[in-house]
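What's counted below: heavy atoms across the whole structure, side chains too, no hydrogens, waters or symmetry copies. For reference, positions follow the sequence shown, starting with 1.
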Amino acid sequence: MALLKVKLKEGTDTASLFGSHDAHLKMIEEALGIRVSARGEEVLLNGPAAAVRNGERLLDGLTTLMSEGATLRRDDVEYAIRNLQGGEDPSYMKESLRDGIELGSGKRVIVPKTPMQRRYIEAISKHDLVLGIGPAGTGKTYLAMAMAVASLSRREVNRIILARPAVEAGEKLGFLPGDMIAKVNPYLRPLYDALYDMMDLERANRLIERGDIEIAPLAFMRGRTLNDAFVILDEAQNATSEQMKMFLTRLGFNSKAVVTGDITQVDLPSDRVSGLIEVRDILVEVPGIAFIYFSEKDVVRHRLVQEIIKAYQRHHEKPHRPGPSRRSD
């Protein structure tokens with residue numbers, strides 16, 4: 001057992017670091033199996049020596065993050081703990097803040113929560129085509145959207161184009177009333193949600209009306225050449241082989257494309273090939289293209305989402321057990 005007194009950096013906002021009613025400290029206690037108590041600008045850590053050292057590293061990483069201007073939230077502490085338990089050094093948090101995405105004047109900064117998210121942002125910055133593949137909740141679409149909004153704000157591109165295949169997710173929705181826009185809107189709703197989370201509703205709608213931001217089904221991309229644009233293809237696992245080729249060959253001058261999808265959730269008919277699965281082999285050796293693979297470690301939703309993904313993986317990895325054979329007399 002070890003007892004360690006951690007002296008916080010001068011000027012540390014202890015209310016933010018400790019959390020409401022010391023909620024953040026209680027999270028650290030529970031996760032590391034140590035006792036954590038605060039006395040002014042000192043924190044006492046008591047428990048197994050290795051766990052106490054991890055607690056010190058965690059506090060140092062969180063205070064460094066705050067000293068760089070970040071506002072500490074509960075999910076930030078949760079992600080920091082999760083990454084520490086996964087073997088990551090807490091110092092990565094300072095690098096993540098440096099790689100944050102500024103959405104424009106007066107807007108908040110989107111900060112990558114995991115090392116893989118940071119690699120994803122770096123890849124989008126350096127490459128004209130990036131494919132982000134991984135499970136739900138890993139920030140594939142959200143971070144790509146943030147990069148697109150930032151590029152538009154900096155006038156690096158003239159427009160943002162967001163596309164999705166209009167494929168029913170395992171359900172038969174039947175007849176949808178209304179014109180074409182009304183029919184495809186349910187498929188595109190998640191893209192609108194992400195956009196409205198990054199800019200105020202009035203500005204977003206104004207940009208959509210002017211055509212600076214276009215949200216459309218993937219089929220609407222056929223025959224176009226997309227110059228001076230930041231293009232995102234979301235849910236790309238549901239693009240057919242032909243649609244994927246069509247989309248990738250739309251890229252024009254001064255344009256950037258990000259393709260995102262989860263190859264474990266393909267909703268195409270069984271006789272159709274997923275373009276996202278196929279393109280991994282086709283483009284793997286093409287220079288200038290980056291593939292980023294996320295895992296359950298990168299999930300930034302409720303902690304249960306990570307556990308659910310891991311449970312499904314374990315289930316699919318189990319050897320198939322044939323049922324009892326039928327006997328005919």
Side-chain angles (χ1 to χ4, degrees), residues 1-100 111-120 134-135 137-139 293-315 317-318:
M1 300 293 286
L3 176 64
L4 179 65
K5 182 185 296 185
V6 178
K7 179 69 174 177
L8 300 177
K9 297 175 183 177
E10 186 176 351
T12 298
D13 182 357
T14 55
S16 178
L17 177 63
F18 299 161
S20 177
H21 303 293
D22 292 342
H24 297 165
L25 299 184
K26 292 174 184 175
M27 292 170 63
I28 296 173
E29 277 189 330
E30 183 177 347
L32 301 184
I34 60 177
R35 287 288 305 276
V36 182
S37 56
R39 296 179 180 176
E41 294 188 348
E42 292 182 344
V43 179
L44 295 178
L45 307 177
N46 190 5
V52 165
R53 286 195 298 272
N54 280 337
E56 181 185 21
R57 294 167 60 207
L58 188 60
L59 286 171
D60 183 64
L62 293 173
T63 53
T64 298
L65 193 65
M66 293 173 58
S67 68
E68 295 288 333
T71 300
L72 202 62
R73 301 185 301 181
R74 180 183 177 87
D75 56 355
D76 295 314
V77 179
E78 183 178 330
Y79 301 143
I81 292 171
R82 185 186 301 173
N83 283 290
L84 177 68
Q85 292 174 330
E88 295 289 345
D89 193 298
S91 63
Y92 88 91
M93 290 186 286
K94 183 175 180 179
E95 298 175 10
S96 292
L97 186 67
R98 187 176 62 242
D99 295 332
V111 179
K113 303 293 187 182
T114 71
M116 188 59 71
Q117 286 192 349
R118 194 173 70 249
R119 284 184 56 192
Y120 184 52
T138 50
Y293 290 92
F294 296 91
S295 70
E296 78 281 349
K297 295 179 181 178
D298 302 297
V299 171
V300 291
R301 291 181 182 169
H302 193 287
R303 64 174 183 81
L304 284 178
V305 175
Q306 187 181 71
E307 296 303 320
I308 289 168
I309 292 170
K310 290 164 66 175
Y312 268 94
Q313 288 177 339
R314 290 193 298 268
H315 173 76
E317 290 169 0
K318 288 181 181 178

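Closest approach of L8 and T14 over heavy atoms only: CD1-CG2, 3.8 Å. Shortest non-hydrogen contact noted between A80 and L58 is CB-CD1, 3.7 Å. Across L25 and A38, no two heavy atoms sit closer than the pair CD1-CB, 3.9 Å. The two atoms that bring P48 and G33 nearest to each other are CD-O, 3.8 Å, heavy atoms only. The shortest heavy-atom contact between M116 and Y293 is CE-O, 3.6 Å. When every heavy atom of Q117 is checked against every heavy atom of D298, the shortest pair comes out as NE2-O, 3.9 Å.
Checked against side-chain contact (heavy atoms from CB on, under 4.5 Å), R39 has the following partners two or more places apart in sequence or in another chain: L44.
V52 places none of its side-chain heavy atoms less than 4.5 Å from the side chain of N54. Within the 4.5 Å cutoff, the side chain of I34 has no heavy atoms near those of the N46 side chain.
Looking at E29, its side chain does come within 3.5 Å of a backbone N or O of V36 through a donor-acceptor pair. The backbone N or O of H21 sits less than 3.5 Å from a side-chain atom of K26, completing a donor-acceptor pair. In terms of modelled atom types and a separation under 3.5 Å, the side chain of E42 and the main chain of K5 share no donor-acceptor contact. Of the possible polar contacts, one joining the T138 side chain to the P135 backbone as a donor-acceptor pair under 3.5 Å is found.
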Kindly determine whether M27 and I81 satisfy side-chain contact (heavy atoms from CB on, under 4.5 Å), including the steps that lead there.
CA-CA 9 Å; M27 292 170 63; I81 292 171; 4.2 Å; yes
Assess the residue pair T63 and L17 against the criterion (side-chain contact (heavy atoms from CB on, under 4.5 Å)); give the C-alpha distance rounded to whole Å, side-chain angles, the decisive distance to 0.1 Å, and a yes or no.
CA-CA 7 Å; T63 53; L17 177 63; 3.7 Å; yes
Working for side-chain contact (heavy atoms from CB on, under 4.5 Å), residues F18 and H24:
CA-CA 5 Å; F18 299 161; H24 297 165; 5.7 Å; no
What do the steps show when you test L4 against E56 for side-chain contact (heavy atoms from CB on, under 4.5 Å), and what is the final call?
CA-CA 8 Å; L4 179 65; E56 181 185 21; 3.5 Å; yes
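Note that CG of L59 is 14.0 Å distant from NZ of K7, once rounded to the nearest 0.5 Å. The distance from atom CZ of R35 to atom CG of L3, rounded to the nearest 0.5 Å, is 11.0 Å. Taking CZ of R119 as the reference point, atom OG1 of T114 lies at 10.5 Å (rounded to 0.5 Å). For the atom pair L32 CG and R57 CZ, the distance stands at 10.5 Å (nearest 0.5 Å).
Crowding of E41 atom CD: a count of heavy atoms from other residues, nucleotides or ligands under 6.0 Å exceeding 12.
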